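Within every chain, numbering begins at 1; the chains are lettered A, B, ... in the order of the sequence lines, protein sequences first and strands thereafter. In this text, all values refer to a predicted model and were calculated from it rather than measured experimentally.
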Amino acid sequence: MLKIYNTLNREKQEFKPIKPGHVGMYVCGMTVYDYCHLGHARVMVVFDMVQRWLKASGYDVTYVRNITDIDDKIIRRAGENKESIHALTKRFIDAMHEDADALGVERPDHEPKATQFVPEMLSMIERLEKNELAYQAADSDVNFSVRKFAGYGKLSGKSLEDLRAGERVEVDSNKNDPLDFVLWKHARSDEPDEVKWDSKWGKGRPGWHIECSAMSSRLLGEHFDIHGGGADLQFPHHENEIAQSEGANRCQFVNYWMHNGFVRVDNEKMSKSLGNFFTIREVLERYDPEVVRFFILRAHYRSPLNYSDAHLDDAKGALSRLYTALKCVPSPLALLPEGEGVNWNEPHAQRFKAAMDDDFNTSEAIAVLFDLANEVNRSQSLQLAGQLKSLGLVLGLLERDATEFLQGGSGGLDDAAINSQIAARNEAKKAKNYAQADKIRKELLEAGIVLEDTAQGTSWRRG
RNA sequence: GGCGAGAUAGCAAAAUGGUUAUGCAGCGGAUUGCAAAUCCGCCUAUCCCAGUUCGAUUCUGGGUCUCGCCUCCA
C-alpha cells in the first residue's frame, strides 16, 4: 500500500486514486529562458521516479509537466539577446529535452506550453470574476482577491495576517490588498506584439500562476490526484494555484501535494539569484549522467541534497559496485524470458517494494540493491542478477551493459591501445616477466585504466 | 519578526521504543605471481539538557545550531 507525504496535511497518507487504477499527476516544470541547473535535474528525476513507481505498481498514469514559455524573465532575456520570444524558448526547450533525456527522464505524457493555453486561462479568469474573486484594477491588471478566498494559506500554513506582518514586497497601490496576485497583466507599450493577447480586459498576457490552474484542469480534470514541484513553489505559486482552481471550479483541486527538497551548494540552496548553480550540461561534461541520476535518487526526495565533486565521485564508486556485480554474470537479462521483469515474490523485491511504497524511499530501495549485489557476487546466480537489473530499471538505473558503463567515460587511451597493452602484459606474464607486466599495468593505471585478472582473462575499466 | 524542515559514525545517507541499514573511506583475513575485483570479519553514530519508559537515536518539553519560505526561484 503506497503512502505519500502530503504537504497539505504534513503527514504520510495512504494513496487512494480518484479513479481506481488511474493516476493524474501534474508537476511544475521549467521557465525556459536559460539552461536547466541541477535543481531542475532533481525535480525531473524525482518525479520521473515517482511516475515510474506508480506505473510499476500497476497504475495507468497521466503525467503532465508544463513549460512556462511566457513571463517577465523570458521577455527580458529575449530583449537582451535581440531574438524573438519563440526563438529563445524553443532553444531552451530543446536544451531541456537533451538534458532530461541524458538523465534517463522519460517524457511526460503532456508538456503543455503556457502560450498554447491562453484561451483556457482567460475563461478561468472570467469564471473567477463571475465568482467575485477577481477584479480589474486601475492599471488594467486583473488580480485575484485573496481575502475573498476562504482557504487561502492552507497549503503553506500561512495566514494572511502572518504574511502581511512579513511583507517585504513593495506595495502595489493598484491592488486592493498587497497580497493579491495578478491573473492578467495589461500590455505595455515597450513589449513586443508577440507577448500580447486580446481579452475582454484589454490586450495583455497571463500572470504566472494561472497557467498551471488552466492547463492542469484541461488535461487532468478539475480535481486530480498528485501535484508536485520544488519546495520553493509551495508559496506563493501552489497556494495561488489552489485559490484559482478551487475558486473557479468550486471543487477540491488536488488530493496529494508533493514537494522535493533543494539541491544545495556549501549548505545553501542552489539558485539563480545566489549564482551558485551548476547547469546539468556543465556537470555532464565531467560525470556520467547515470551517476548524476544515482546521486539524486540515493537521497530521499524530501531531504536536502548537497552537491559537490566529492559526493559525485562517491556516487560513481557506489554505482560501479552495482554494475560490477552485473558484470560477473554474462548478460543476465538475456537469460530471462522477455518481459518477465521483476519477480516480486523474491525477498529483496519485497523489501524494495516496501521501501518505495513508504513515500518513495529510494535511499532504502537502493540499499536493497546493494544487498542484492552482495548476494549476486556470492552466489553468481543469474536469477538474482536479473532481479538486480530489473529492480534497477524500475528506478531508471542499471539500464546499460555493465562493461559499457565500467569502460565508459573519457580516458586518454582508446580501446585498441588498451587491448594491445593488455596483450603485451599477458605475454610478459606468460614469460614470468612480472617486472614488465607490472610496469605495463602501472602505466595503464596512470592513464586511469584499472586491470582485473580473472579466470576468463584480463578485463579493464576506467577507475 | 511570522511559518516550516532538520541535526545520525571520517564522508554521504536510511531506519527504528530493545535486535547488522547501505555506499565510499579505514583496519585484519581469504583469494591473487603481485594487484584489482570479489568474499569473510572488524572499527567509527545517533547536537545538548530534562522528562515519560524496564529500556530512547527514536516519544514529550526546553535549549543550541543549520537550512528554507514569507520577492523571482525546481
Problem set entry | Inter-nucleotide P distance (B:rU20, B:rC42), Å rounded | 11 Å
For this session: With a 4.0 Å heavy-atom cut-off, tell me which residues in residues 427-439 of chain A come close to RNA chain B, sorted by residue number.
Result: A:Lys429, A:Tyr434, A:Asp438
For this session: Using the six-membered ring wherever Trp is involved, compare the ring planes of A:Tyr152 and A:Phe181 and label them parallel, tilted or perpendicular (cut-offs 30° and 60°).
Result: parallel
Exercise. Can you find a side-chain donor-acceptor pair between A:Thr7 and A:His259 that sits under 3.5 Å?
Worked result: yes
Problem set entry | Below 4.0 Å: OP1/OP2 of B:rC40 and any side-chain N or O of A:Arg378 | yes
For this session: Identify, with sequence neighbours excluded, every residue that meets salt bridge (Lys or Arg N to Asp or Glu O under 4.0 Å) alongside A:Lys148.
Result: none
Problem set entry | First of A:Ala318 and A:Arg42 reached from the 5' end of RNA chain B, by closest nucleotide | A:Ala318
Tabulated below should be each protein N or O lying under 3.5 Å from an N or O of nucleotides 25-28 of chain B; please produce it.
none

For this session: Describe the nucleic acid contact of A:Asn374 in one word from base, sugar-phosphate, nothing, applying a heavy-atom distance below 4.0 Å.
Result: sugar-phosphate
For this session: Would you tell me whether A:Asp71 and A:Thr68 have side-chain atoms, one donor and one acceptor, within less than 3.5 Å of each other?
Result: no
Seminar exercise, completed: Output field dot_bracket for RNA chain B (Watson-Crick or G-U, both distances under 3.5 Å, | for other-strand pairs) contains (((((((..(((.....[...))).(((((.......)))))....(((((..]....))))))))))))....
Exercise. How are the rings of A:Tyr307 and A:Phe278 set relative to one another: parallel (under 30°), tilted (30 to 60°) or perpendicular (over 60°)?
Worked result: tilted
For this session: Describe the nucleic acid contact of A:Leu451 in one word from base, sugar-phosphate, nothing, applying a heavy-atom distance below 4.0 Å.
Result: base
Exercise. Say you pick atom C1' in B:rA7 and the same atom in B:rA12; how far apart are they, in whole Å?
Worked result: 15 Å
Between protein and nucleotides 11-13 of chain B, what N or O pairs are separated by less than 3.5 Å?
from, atom 1, to, atom 2, distance (Å)
B:rA13, O2', A:Ser363, OG, 2.7

Problem set entry | A:Arg302 NZ/CZ over A:Tyr5 ring centroid, <6.0 Å and within 45° of normal | yes
Problem set entry | With sequence neighbours excluded, residues passing side chain to side chain donor-acceptor pair (under 3.5 Å) with A:Thr62 | A:His22
Problem set entry | A:Phe370 CZ - B:rC39 C1' separation (whole Å) | 17 Å
For this session: Kindly assign one of parallel, tilted or perpendicular to the pair A:Phe224 and A:Phe253, based on the angle between their ring planes and the thresholds 30° and 60°.
Result: perpendicular
For this session: Please work out if A:Arg461 contacts a base, only the sugar-phosphate, or nothing of the nucleic acid, heavy-atom cut-off 4.0 Å.
Result: sugar-phosphate
Exercise. Between the side chains of A:His209 and A:His238, does any donor sit under 3.5 Å from an acceptor?
Worked result: no
Exercise. Are a donor atom and an acceptor atom from the side chains of A:Glu83 and A:Asn81 found within less than 3.5 Å of each other?
Worked result: yes
Exercise. Does a donor on one side chain sit under 3.5 Å from an acceptor on the other, for A:Asp359 and A:Tyr301?
Worked result: yes
